[in-house]
Amino acid sequence: MHILLERSGRDAARLTWLESARRDADAAPERSRVVPLAGLPGLVAAEEAASERPRWVWDDTRAWYPALLAAGVRVERCVDLRLCHAILRTSTLTAATALATAEPGPWDAMEEPVVEAAPRHTALFDLDDAPDDPASSATGSAATVGAPAGRDPRAEFALQEDAVAQSADPRRLRLLLAAESAGALIGVELQHAGLPYSAQRHDELLTGLLGPRPAYGRPAVLEELTRAIRDGLDSPELNPDSPPDLLKALQRAGVMATSTRSWELRRIEHPVIEPLLRYKKLSRLLTANGWTWLDAWVHDGRFRPDYVPGGVVTGRWATRGGGALQLPKQVRGAVVADPGWKLVVADAAQLEPRVLTGLAADQAMAAAGRGKDLYEGIVASGAVDERAHAKVAMLGAMYGATTGESGRLMPRLQRAFPRAVALVEEAARAGERGEKVTSRLGRSSPLPGTGWAAAQAAAFAADSTAADERRARSRARDWGRFTRNFVVQASAAEWALCWMAELRNRLTALAPGAALTEAPHLVYFLHDEVIVHTPADRAEEVAAAVRAAAEQAGRLLFGAFPVEFPVTAAIVDSYAEAK
DNA sequence: TTAACGCGCGCG
DNA sequence: AAAGCGCGCGCGTTAA
């Protein structure tokens, strides 16, 4: 059963019970009901308590779900029309459908509304964003909440259902849309719950490394290092934060660096290098995750980043503000479970090469990854002679490395695993021709921009120069590396979505009816890694659920093909304790 | 004064 | 060792 949820005027919502996706002219009229927004959570909760939970159809999970969660109401399933539209619009599997061939419309231009972190999200629904409020649509900021003129969710849902039904592979697309929508729910739930985070530990950590928080200026340790750098380079005024100035000072002192990148400086022998590298490391910590970051992002013992599901072309998530996907290893000791609770930190081992194994149905590579570390398995197969080589060769194959050690190892990898290598090579060739490539479940890459096509055209023109042709070839190869990686990264993102959605269901089943944050719940997601916050006595069950969900995700994507997806699941008090 | 851009580095 | 994919962010610099 689907229930469509849309705004009705300024402070009400309309629920429509959908008997079928299509709306036939001769069918009975659909039952619908208008309720004030204030009464919506109660109504949704009542539907969720029914024996058959509905699938809520709405324009945008980020516009509806935060307020429901704030009112203590969880939703099991939904259709996020905005996210699903984006997939169906560009997928090669739906290319011939009405949805994909239509002129660009209001569903193509939607931006994600900004979701305020839960504790400060006081209003149940943001009335200022009501569709008939001309002021809000004029600003263009968060005016996409609700259903602005031109966006008809009922019609869009029918169009999407048609597109899936007429697609080249309805089963896979249906799975992808369900997973994407589940991801949208999870993203909001992650922000609602927040990552357990000790501001005190973070402060202690900073103080230990940088010195006490200064009222203004650099902390003591950075101040000392600045002095050491200035002395070492005989440049008393130097600002070490200015790369051009730093580079000039280095060269004046006889250090022949061509940039100020750490990895380049590391190879140079000079007394100033050691304090300089230490300065860079600590300065990065201060600016990215220092006290300012702590004040802005950690409240009431929780770090609540704004997750953006589907925020990356490949289907990976992005975050907005807080840099949640770049939480440095340095500060992970501040991620600590509540008293009596544990963190289950789970990580899918060598996810991308295993996904490639499934995509290519490469039996040899599946065998290499069975029951052990995939890279060790590649060594055991005799293709290369040490783990580091196996890893660098695999990464090179998936990223398109041509030079260096990785490039040199490619032929050996190709001999041992011809199917896997052929799959990424074919994806690269397609990109070089300017074609789309498509993930396991049906997400397709964008087409290259107009500049790309212009460059190719210039190379084929009658009066083309050698430079034109070089440029075109280079652009073509660049795009080929993107599409090569796209098939793997996008499919891995799908695996991760399925894993998380399965895990979410299993966690809910561990404590039926419990409020989100009173039972085991997801608190963090990082591409191939999740953290569950759980009462200590349920931690073993959670770890088992994490593993079972991974197995299930593998079956959902690759059916009976015997590629394994082992996950490590560490039960710890602090994130830093996990590997 | 603000906006756009490049650099450098954190994560996968 | 530092190439080959995808990001976000803060800073300094430069253009407008």
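By convention in this document, chain letters (A, B, ...) are assigned in the order of the sequence lines, proteins followed by strands, and residues within each chain are numbered from 1.
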For this session: Could you walk me through whether A/Ser491 and A/Ser439 pass the side-chain hydrogen bond (donor to acceptor under 3.5 Å, both in side chains) test, one step at a time?
Result: CA-CA 5 Å; A/Ser491 302; A/Ser439 70; 4.7 Å; no
Exercise. Near A/Asp234 CG, under 6.0 Å, is it more than 12 heavy atoms from other residues, nucleotides or ligands?
Worked result: no
Exercise. Does the A/Thr90 side chain pair with the main chain of A/Pro446, one donor and one acceptor, at a distance under 3.5 Å?
Worked result: no
Exercise. How long is the line joining CD of A/Glu264 and C1' of C/dA3, in whole Å?
Worked result: 14 Å
Exercise. In chain order, what residues pass the salt bridge (charged side-chain N to carboxylate O under 4.0 Å, His left out) check against A/Arg412, with sequence neighbours excluded?
Worked result: none
Exercise. Within the structure shown, what part of the strands sits under 4.0 Å from A/Arg266 by heavy-atom distance: base, sugar-phosphate, or nothing?
Worked result: nothing
Problem set entry | Nucleotides bounding contact with chain A, strand DNA chain B, heavy-atom threshold 4.0 Å | B/dG8 to B/dG12
Seminar exercise, completed: Residue set satisfying side chain to side chain contact (heavy atoms under 4.5 Å, CB included) with A/Leu83, at least two apart, ordered chain then number -> A/Asp80, A/Glu180, A/Ala184
Pairs under 3.5 Å (N/O, protein and nucleotides 13-15 of chain C):
unit_1 : atom_1 : unit_2   : atom_2 : d
C/dT13 : OP1    : A/Ser242 : OG     : 2.6

Exercise. Within the side chain of A/Gln251, is there an N or O that forms a donor-acceptor pair under 3.5 Å with the backbone of A/Ala257?
Worked result: yes
For this session: With sequence neighbours left out, write down each residue that passes side chain to side chain contact (heavy atoms under 4.5 Å, CB included) with A/Glu502, or none if nothing qualifies.
Result: A/Arg506, A/Ala549, A/Gln552, A/Leu556
Problem set entry | Residue-level proximity of residues 201-236 of chain A to DNA chain B when a heavy atom falls under 4.0 Å | none
Problem set entry | With A/Tyr575 via side-chain hydrogen bond (donor to acceptor under 3.5 Å, both in side chains) - residues at least two apart | A/Arg332, A/Glu529
Problem set entry | Watson-Crick or G-U stems involving DNA chain C, each at least 3 pairs long, distances under 3.5 Å, ordered by first number | B:1-12 with C:5-16
For this session: Report the C-alpha distance between A/Asp373 and A/Lys391 in whole Å, list the side-chain angles of each, state the deciding distance to 0.1 Å, and finish with yes or no for salt bridge (charged side-chain N to carboxylate O under 4.0 Å, His left out).
Result: CA-CA 11 Å; A/Asp373 179 288; A/Lys391 181 172 179 175; over 6 Å; no
Problem set entry | Student check: side-chain heavy atoms of A/Glu551 and A/Arg547 closer than 4.5 Å | no
Exercise. Between A/Phe303 and A/Trp293, is the ring centre distance below 6.0 Å?
Worked result: yes
Exercise. Between residues 402-424 of chain A and DNA chain C, which residues have a heavy-atom gap below 4.0 Å?
Worked result: none
Exercise. Quick one: are A/Trp291 and A/Leu286 in side-chain contact, heavy atoms under 4.5 Å?
Worked result: yes
Problem set entry | Cationic N near anionic O, under 4.0 Å, A/Asp241 to A/Arg218 | yes
For this session: For DNA chain C, determine which residues of residues 435-443 of chain A have any heavy atom closer than 4.0 angstrom to one of its atoms, and list them numerically.
Result: none
Exercise. What is the nucleic acid contact for A/Arg332, judged by heavy atoms within less than 4.0 Å: base, sugar-phosphate only, or nothing?
Worked result: sugar-phosphate
Problem set entry | DNA chain B-proximal residues of residues 277-291 of chain A, any heavy atom under 4.0 Å | A/Lys280, A/Lys281, A/Arg284
Problem set entry | Most 5' of A/Trp263 and A/Arg316 on DNA chain C, judged by nearest nucleotide | A/Trp263
For this session: Residues of residues 480-498 of chain A with any non-hydrogen atom less than 4.0 angstrom from an atom of DNA chain B: list those, numerically ordered, please.
Result: A/Gln489
Exercise. Roughly how far apart are A/Arg266 CZ and A/Leu276 CG, rounded to 0.5 Å?
Worked result: 10.5 Å
For this session: Mind calculating the distance between CG (A/Asp295) and P (C/dG10) to the nearest angstrom?
Result: 14 Å
For this session: State plainly whether the residues A/Glu352 and A/Arg316 are in salt-bridge range, i.e. N to O under 4.0 Å.
Result: yes
Exercise. To the nearest Å, how far apart are A/Arg477 CZ and C/dG4 P?
Worked result: 11 Å
